[in-house]
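A short worksheet on the structure shown next.
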Amino acid sequence: MAYQDHYETYLDQIPEDIEYCKRTGRSHVFGYTSNYDVVLRWDLDTYNQILNDFLKEEPKAEAGDTIDTMEDFARISSYCLLKGIGANFDITSLAVCDYLQEHFQSEPALGGTCAQGVAALAALGFPMTAQLTDRCREVCKMMDAPGTQVVKGGKLVPIMEGASEEAPVYHMILQFSKDDRILIHGKEYAVPLSNRLILFYDRIHKTVPIDPGFFDYWNEHAKEISSYLVSGFDAVIDTAVMEERLGQLVAHFETMRKKNPDFIAYVEGAYYMNPEVKEMLFKGLAPYVDIVGTNEEELVAQNETHGLTTDITNLESVLSGIEALMFHCGIRGVVLHTKDYSLYYGEKLEGIDIEKGLTMGNLMSGTRARIGKYGTAAECRETLKLGLSPVGLAFHEKLEALETSGHAVLVPSRYLEHPKYTIGLGDTFVSGVHTCFR
């Protein structure tokens, strides 16, 4: 059957969803990280000059690389631009941060899947609760909205009441644009996709400290949870640290599941600096989690650790890659988000309209890409004017003809060839998926 466009129908349901949350006290709970992003404004001439001055080797990058010098920055970033991939890397030198801020103009932004997801749903009017690792006033101001709360002193308080006077935790973001021409050793190459690099000069997210009071509150109030997002461990490198966090998380989820077996638990992946840490998280939480989220690059990279190749241009290969991830980690369901479509694959979620979640995720992330901020309902409605992705439509048609062992739902995206913004699109998408959970 041809794809039936339900975007407007689902958007029209959002006011009633918000009212339901307010009336029942049921809450979307997001964890665990936040930070202050420094967004470097893309300047092709400046970037090419950096490559000319500092690129001494061939472009190359792999998981675990650190940026200790500008030569490292040139080598690693040029590789990512050549491939059009987004990635996260540690900066170990303040001199590199200073050089980048001196040579690119910058602007502040909100960072962290938890923080951005909360802000995205709050822009629509949803009441939200967050666990923040960076509670500086600057971060809290960017998240401040009616109904946005944090746990403090054993109760929920408005986010600004939970703000601290500590200095921000900085991440540097470099967006780049499709079709830009970069110069590598005198030869010109076209950037294949718009994307972003996240560069951490940050030690707090090597350990992801979680306030015990946050765990205590939701252990006590588990029946009030409609959905719970786990994210933010992508900068953890030490497996011993992840083992410690898993011990806390497993005990927390065991307690909540006993009191509220029906809430939806969702783990969002990312580009992990240590793929072993990612697999530990997925496997450790699999018995308690309904959905794991990933994008296509992350799916390819994670399966490569098991010697498996995934062709993202081939739907059968994508589904096989998802099945492999589910098998290796014991996962029940996966949400895959891409620029052309989103897809749920796995066990059928009873009572959940996952098509709605995928559609709203596409719409909200598409709106952020289009206007550069978290969209209101009216701004999301303007995004409906964009056409549907031809690739997404072709994948939907192909899926309809396939026999799959799992429950599969695919929604083509509203397509934008040259997005205004590439930061936080996945985080905004994830927040949109939560609109289908009650």
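Here the structure is a predicted model, which is why all the values come from computation and not from measurement. Excluded from the calculations below are hydrogen atoms, water molecules and symmetry mates; all remaining heavy atoms, backbone and side chain alike, are included.
Within a 6.0 Å radius of NZ in Lys83, other residues, nucleotides and ligands contribute 12 heavy atoms or fewer. By the 6.0 Å contact criterion, CD on Glu400 is enclosed, its count of non-hydrogen atoms from other residues, nucleotides or ligands being greater than 12. In the displayed structure, Lys206 atom NZ is contacted under 6.0 Å by more than 12 heavy atoms of other residues, nucleotides or ligands. Other residues, nucleotides and ligands contribute more than 12 heavy atoms inside 6.0 Å of the CD atom of Glu107.
For the pair Phe429 and Val433, the minimum side-chain heavy-atom distance is below 4.5 Å. No side-chain heavy atom of Glu224 sits under 4.5 Å from any side-chain heavy atom of Arg26. Contact annotation: the side chain of Arg245 approaches that of Thr207 to within less than 4.5 Å [non-hydrogen atoms, C-beta and beyond]. Using a 4.5 Å heavy-atom threshold, the side chains of Arg257 and Phe263 count as touching.
Of all non-hydrogen atoms in Asn274 and Ile237, the two that sit nearest each other are ND2-O, 2.8 Å.
Considering only residues two or more places apart in sequence or on other chains, Ile198 meets the side-chain contact (heavy atoms from CB on, under 4.5 Å) condition with Asn88, His171, Ile173, Arg196, Phe200. Taking Asn195 as the reference, Phe176, Glu297 meet the side-chain contact (heavy atoms from CB on, under 4.5 Å) condition, with sequence neighbours excluded. Scored by the side-chain hydrogen bond (donor to acceptor under 3.5 Å, both in side chains) test, Asp134 finds no partners at all (sequence neighbours excluded).
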Contacts under 3.5 angstrom, residues 326-346 side chains, donor-acceptor by atom type, not counting sequence neighbours:
| from | atom 1 | to | atom 2 | distance (Å) |
| --- | --- | --- | --- | --- |
| Arg332 | NE | Val289 | O | 3.4 |
| Arg332 | NH2 | Val289 | O | 3.4 |
| Arg332 | NH2 | Asp290 | OD1 | 2.9 |
| His337 | NE2 | Glu268 | OE2 | 3.0 |
| Thr338 | OG1 | Asp340 | N | 3.1 |
| Thr338 | OG1 | Tyr341 | N | 3.0 |
| Thr338 | OG1 | Tyr341 | O | 2.9 |
| Asp340 | OD1 | Ser389 | OG | 2.7 |
| Ser342 | OG | Asn362 | OD1 | 3.1 |
| Ser342 | OG | Asn362 | ND2 | 3.3 |
| Tyr344 | OH | Glu347 | O | 2.4 |
| Tyr345 | OH | Glu323 | OE2 | 2.6 |
| Tyr345 | OH | Ser405 | OG | 3.2 |
| Tyr345 | OH | Gly406 | N | 3.1 |

Compile the donor-acceptor pairs under 3.5 Å between side chains in residues 138-162 and protein atoms, sequence neighbours left out, one pair per line.
| from | atom 1 | to | atom 2 | distance (Å) |
| --- | --- | --- | --- | --- |
| Lys152 | NZ | Glu161 | O | 2.9 |

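Using cut-offs of 30° and 60° on the angle between ring planes, the pair Phe214 and Trp218 is perpendicular.
At a cut-off of 3.5 Å, with distance as the only test, no side-chain donor of Asn35 or His205 sits close to an acceptor on the other residue. Inspection of the Glu279 and His306 side chains reveals an N or O donor paired with an N or O acceptor under 3.5 Å. Side-chain contact annotation: Thr129 with His28, donor-acceptor N/O pair under 3.5 Å absent. The closest side-chain donor-acceptor pair between Tyr7 and Thr383, if any, does not fall under 3.5 angstrom. With no hydrogens or angles considered, no side-chain donor-acceptor pair links Asp98 and Gln101 at under 3.5 Å.
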Pair Lys22, Asp17 - check salt bridge (charged side-chain N to carboxylate O under 4.0 Å, His left out), show working.
CA-CA 9 Å; Lys22 293 178 178 178; Asp17 295 331; over 6 Å; no
Might you work through the salt bridge (charged side-chain N to carboxylate O under 4.0 Å, His left out) test for Glu316 and Lys398, ending with a clear yes or no?
CA-CA 9 Å; Glu316 291 96 326; Lys398 181 71 173 178; 3.3 Å; yes
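Ionic pairing of Arg137 and Glu165 is present here: one or more N-O contacts between side-chain nitrogen and carboxylate oxygen are shorter than 4.0 angstrom. In this structure, Asp262 does not pair ionically with Arg438, as no charged nitrogen and carboxylate oxygen lie closer than 4.0 Å. Remark: Arg370 does not engage Glu379 in a salt bridge, criterion side-chain N to carboxylate O under 4.0 Å.
Residue pairs meeting the ring pair (Phe, Tyr, Trp, His ring centres under 6.0 Å) criterion with at least one partner in residues 60-89, sequence neighbours excluded, are Phe89-Tyr271.
When atom types are taken as modelled, the side chain of Asn260 and the backbone of Met256 share no donor-acceptor pair closer than 3.5 angstrom. With Ser317 contributing its side chain and Asn314 its backbone, the two residues share no donor-acceptor pair below 3.5 Å.
A ring-ring contact (aromatic ring centres under 6.0 Å, His included) with Tyr228 is found for one member of Phe215, Phe253, Tyr288, Phe437 and no other, namely Phe253.
Taking the six-membered ring for Trp, Tyr36 and Tyr170 have ring centres closer than 6.0 Å.
Cation-pi check for Arg368 over Tyr374 is met; the charged atom lies under 6.0 angstrom from the ring centroid and within 45 degrees of its normal.
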